[in-house]
**Q** 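Before anything else, here's the structure in question.
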Amino acid sequence: MEGAKEGVERVVDSKDLHHIFQRPWQATASIAASAETGWKAMHMRGKELAAVKINVADVNIIENELELDKKVAERTLLEHKGDVVTVIRHLLP
């Protein structure tokens with residue numbers, strides 16, 4: 001009988017099974033919650049950026065002088081609340 005004992009590492013009871021099967025559900029719920037939190041943060045950031053007013057002349061200056069795409073210039077200006085000096089300092093090394 002001693003050989004049979006070596007093959008069995010441990011007996012699994014119903015509590016162990018509950019924890020084993022509950023972990024994937026907990027992980028899935030955690031991932032879903034963090035995804036929702038991320039989406040909400042992006043949505044709030046989008047609202048925040050939409051409230052910023054930028055000057056078209058500033059976009060053109062950044063676009064032409066720093067040779068950037070217009071959308072990149074606009075987005076960078078929005079992220080820096082329309083402050084062209086801060087944007088230029090940010091973009092230049």
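In this chain, numbering begins with 1 at the start of the sequence shown.
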**Q** Please check if Leu68 and Leu49 belong to a single hydrophobic cluster, counting links between Ile, Leu, Val, Met, Phe, Trp and Tyr side chain heavy atoms closer than 4.5 Å.
**A**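 The answer is yes; both residues are in one hydrophobic cluster.
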**Q** Any chance you could measure Asp83, atom CG, to Ile54, atom CD1, to the nearest 0.5 Å?
**A**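 One finds 12.5 Å between CG of Asp83 and CD1 of Ile54.
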**Q** What distance separates Leu78 CG from Lys53 NZ, expressed to the nearest 0.5 Å?
**A**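 Nearest 0.5 Å value for the CG-NZ distance: 10.0 Å.
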**Q** With Glu48, which residues qualify under salt bridge (Lys or Arg N to Asp or Glu O under 4.0 Å), at least two apart?
**A**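 Salt bridge (Lys or Arg N to Asp or Glu O under 4.0 Å) list for Glu48, sorted by chain: Arg45.
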**Q** Could you tell me which residues satisfy salt bridge (Lys or Arg N to Asp or Glu O under 4.0 Å) with Glu67, sequence neighbours excluded, listed by chain and number?
**A** none
**Q** Please test Glu63 against Asp69 for side chain to side chain contact (heavy atoms under 4.5 Å, CB included), starting from the C-alpha separation and ending with a verdict.
**A** CA-CA 6 Å; Glu63 179 185 11; Asp69 182 60; over 6 Å; no
**Q** Check whether any side-chain heavy atom of Val59 lies under 4.5 Å from a side-chain heavy atom of Lys70, and answer yes or no.
**A** yes
**Q** Distance check, rounded to the nearest 0.5 Å: Ile62 atom CD1 versus His80 atom NE2?
**A** 9.5 Å
**Q** Would you compute the distance between atom CG of Asn60 and atom CD of Glu74 and round it to the nearest 0.5 angstrom?
**A** 9.0 Å
**Q** Verify the cluster assignment for Val52 and Leu91: are they in a single hydrophobic cluster under the rule of side-chain heavy atoms below 4.5 Å apart?
**A** yes
**Q** Check the hydrophobic clustering (I, L, V, M, F, W, Y; side-chain heavy atoms under 4.5 Å; chains of links allowed) and say if Val84 and Val72 are grouped together.
**A** yes
**Q** Tell me which one of Thr86, Val85, Leu92, Val87 satisfies side-chain contact (heavy atoms from CB on, under 4.5 Å) with Arg89.
**A**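 Answer to the side-chain contact (heavy atoms from CB on, under 4.5 Å) test with Arg89 among Thr86, Val85, Leu92, Val87: Val85.
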**Q** With sequence neighbours excluded, what pairs up with Asn55 under the side-chain hydrogen bond (donor to acceptor under 3.5 Å, both in side chains) test?
**A** none
